[in-house]
**Student:** 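There's a structure below that I have some questions on.
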Protein chains: 2
Amino acid sequence: MATETLTINEAAETTGWSPRMLRYIESIGLVVPERSPAGYRLFGAGELQRLRTLRELLNDHDVALGEVGFALRLRTEASLSDAVDAWLQARPVRPQGTTAADWLKREQAKHMRLLGLATGGSS
Amino acid sequence: MATETLTINEAAETTGWSPRMLRYIESIGLVVPERSPAGYRLFGAGELQRLRTLRELLNDHDVALGEVGFALRLRTEASLSDAVDAWLQARPVRPQGTTAADWLKREQAKHMRLLGLATGGSS
DNA sequence: CCGACCTTATCACGGTCGTGTCAATGTTGG
DNA sequence: CCAACATTGACACGACCGTGATAAGGTCGG
């Protein structure tokens with residue numbers, strides 16, 4: 001049978017995050033492992049993968065943990081997302097020639113790309 | 001002729017932001033006024049409006065200036081936006097019964113709502 | 001020409017973020 | 001049973017955020 005979960009120290013070892021940071025990352029809701037009956041964190045393959053890609057995300061683009069946390073908030077709090085979108089929408093994007101319609105087209109294309117993975121699939 | 005622009009102190013007066021904060025808000029790209037030939041900031045009606053709604057945005061939802069700045073970055077840096085979206089997408093949203101397909105449906109609906117303003121219009 | 005305004009740059013200060021470390025306590029397995 | 005591990009909570013520390021204040025200088029209008 002598979003001992004498919006790692007303890008926090010083992011997870012720290014294989015992901016490069018410190019145990020302290022694994023707890024912190026959990027506290028801001030980014031990677032939340034299951035718990036054993038006694039309350040021990042159990043890191044599965046999925047968690048480990050996301051911890052590694054999280055590190056890449058922070059390195060590649062210049063993003064902070066709190067900012068990813070905010071992106072998550074945008075994802076889960078629809079009213080917040082709408083309010084922010086509305087405010088940004090009303091901005092006259094200084095650089096040349098980016099009309100509202102123009103931007104909407106690109107925005108739409110982007111989401112089509114993302115959603116297409118599911119909507120275009122088998123029914 | 002319309003003296004339709006305010007100086008920074010006047011803008012500060014009518015928006016409630018301090019002159020210092022108006023410069024700071026400009027530095028993070030949120031509200032960027034035009035400049036006079038001599039380099040004076042010129043706040044028009046649009047800027048004033050957005051400064052007021054910005055204050056509401058921060059008060060109503062619990063958001064920081066830097067976070068709105070990050071949302072702006074998400075809006076302008078497509079590669080960043082895609083990377084963050086991809087990472088968040090791979091998260092197994094702990095709460096009950098929220099399957100990936102389920103979430104995609106809602107996500108799609110939300111954007112339909114937003115994009116509908118343009119796509120649903122006259123063609 | 002001069003006072004009232006604008007500009008940028010800098011120092012300061014409390015608050016939060018990211019992170020380590022330590023203490024006090026609970027759990028596990030040989 | 002006990003050593004090795006886990007848990008939460010707290011203190012600490014450098015770095016940056018939000019904000020005010022102040023300095024050194026440019027611009028404007030009467």
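Protein chains get the first letters and strands the later ones, always in sequence-line order, with residue 1 at the start of each.
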**Student:** Using the six-membered ring of A:Trp17, assess whether NZ or CZ of A:Arg55 lies under 6.0 Å from its centre and within 45 degrees of the ring axis.
**Tutor:**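 Judged by the rule, A:Arg55 and A:Trp17 form a cation-pi pair.
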
**Student:** Please state how far atom CZ in A:Phe70 lies from atom P in C:dC17, giving the value in whole angstrom units.
**Tutor:**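 About 13 Å, once rounded to whole Å.
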
**Student:** Is there a donor-acceptor pair under 3.5 Å between the side chain of B:Trp87 and the backbone N or O of A:Leu57?
**Tutor:**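 No: the side chain of B:Trp87 does not pair with the backbone of A:Leu57.
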
**Student:** Take A:Ala64 and B:Arg23, find for each the nucleotide of DNA chain C with the closest heavy atom, and name the residue whose nucleotide sits nearer the 5' end.
**Tutor:**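 Result: B:Arg23.
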
**Student:** Check whether any side-chain nitrogen or oxygen of A:Arg20 sits under 4.0 Å from OP1 or OP2 of D:dA12, and answer yes or no.
**Tutor:**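 Indeed not, no polar side-chain atom of A:Arg20 lies that close.
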
**Student:** Which nucleotide in the list D:dA6, C:dT19, D:dT19 gets nearest to the side chain of A:Asn9?
**Tutor:**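 Looking only at heavy atoms from C-beta outward on A:Asn9, the closest nucleotide is D:dA6.
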
**Student:** The side chain of A:Ile8 lies closest to which of these nucleotides: D:dC17, C:dG18, D:dT7?
**Tutor:**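 Per side-chain heavy atoms of A:Ile8, the pick is D:dT7.
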
**Student:** Between the main-chain N or O of A:Glu77 and the side-chain N or O of A:Ser81, is there a donor-acceptor pair closer than 3.5 Å?
**Tutor:**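 Judged by distance alone, no pair lies under 3.5 Å.
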
**Student:** Given atom CG of B:Asp62 and atom C1' of C:dG15, what is their separation to the nearest angstrom?
**Tutor:**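 After rounding, the gap between these two atoms is 14 Å.
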
**Student:** Taking only side-chain N and O atoms of A:Ser36, does any of them lie within less than 4.0 angstrom of OP1 or OP2 on C:dT27?
**Tutor:**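 No, A:Ser36 has no side-chain N/O under 4.0 Å of OP1/OP2 on C:dT27.
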
**Student:** For A:Arg41 and D:dT7, is the shortest distance between a side-chain N/O and OP1 or OP2 below 4.0 Å?
**Tutor:**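 Yes.
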
**Student:** Assess whether one donor atom and one acceptor atom, taken from the side chain of A:Tyr40 and the base of C:dG26, lie less than 3.5 Å apart.
**Tutor:**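 When only heavy-atom distances are counted, A:Tyr40 does reach the base of C:dG26 through a donor-acceptor pair under 3.5 Å.
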
**Student:** Does any part of the side chain of B:Arg41, heavy atoms only, come nearer than 4.5 Å to the side chain of B:Arg35, both counted from C-beta?
**Tutor:**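 Yes; the side chains approach each other to less than 4.5 Å.
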
**Student:** Whole Å only: how far is the CG atom of B:Leu58 from the C1' atom of D:dC17?
**Tutor:**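 The answer, rounded to whole Å, is 13 Å.
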
**Student:** Would you mind reading off the distance between B:Arg35 atom CZ and D:dC28 atom C1', rounded to a whole angstrom?
**Tutor:**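 So the CZ-C1' distance, B:Arg35 to D:dC28, works out to 17 Å.
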
**Student:** Figure out the CD/P separation between A:Glu67 and C:dT16, and round it to whole Å.
**Tutor:**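 Rounded to whole Å, this separation is 18 Å.
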
**Student:** Does A:Gly46 offer a backbone N or O that forms a donor-acceptor pair with the side chain of A:Gln49 under 3.5 Å?
**Tutor:**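 No; zero donor-acceptor contacts below 3.5 Å.
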
**Student:** Which whole-number value in Å describes the distance from A:Leu22 CG to D:dT7 P?
**Tutor:**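 Roughly 10 Å, once rounded to whole Å.
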
**Student:** Rounding to a whole Å, what distance do you find between B:Leu30:CG and D:dT19:P?
**Tutor:**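 Value for this atom pair: 12 Å.
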
**Student:** Identify, between B:Ser18 and A:Thr7, the residue whose nearest nucleotide on DNA chain D lies closer to the 5' end.
**Tutor:**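 Nearer the 5' end of the strand: A:Thr7.
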
**Student:** For B:Pro37 and for B:Leu65, locate the closest nucleotide of DNA chain D by heavy-atom distance; then report the residue assigned to the nucleotide nearer the 5' terminus.
**Tutor:**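 Nearer the 5' end of the strand: B:Leu65.
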
**Student:** From C-beta outward on A:Ala38, which listed nucleotide comes closest to its side chain: C:dT28, D:dG18, C:dC5?
**Tutor:**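 Looking only at side-chain atoms, A:Ala38 lies closest to C:dT28.
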
**Student:** Write down the distance between CE (A:Met21) and C1' (C:dG20), rounded to a whole number of angstrom.
**Tutor:**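 A:Met21 atom CE is separated from C:dG20 atom C1' by 11 Å.
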
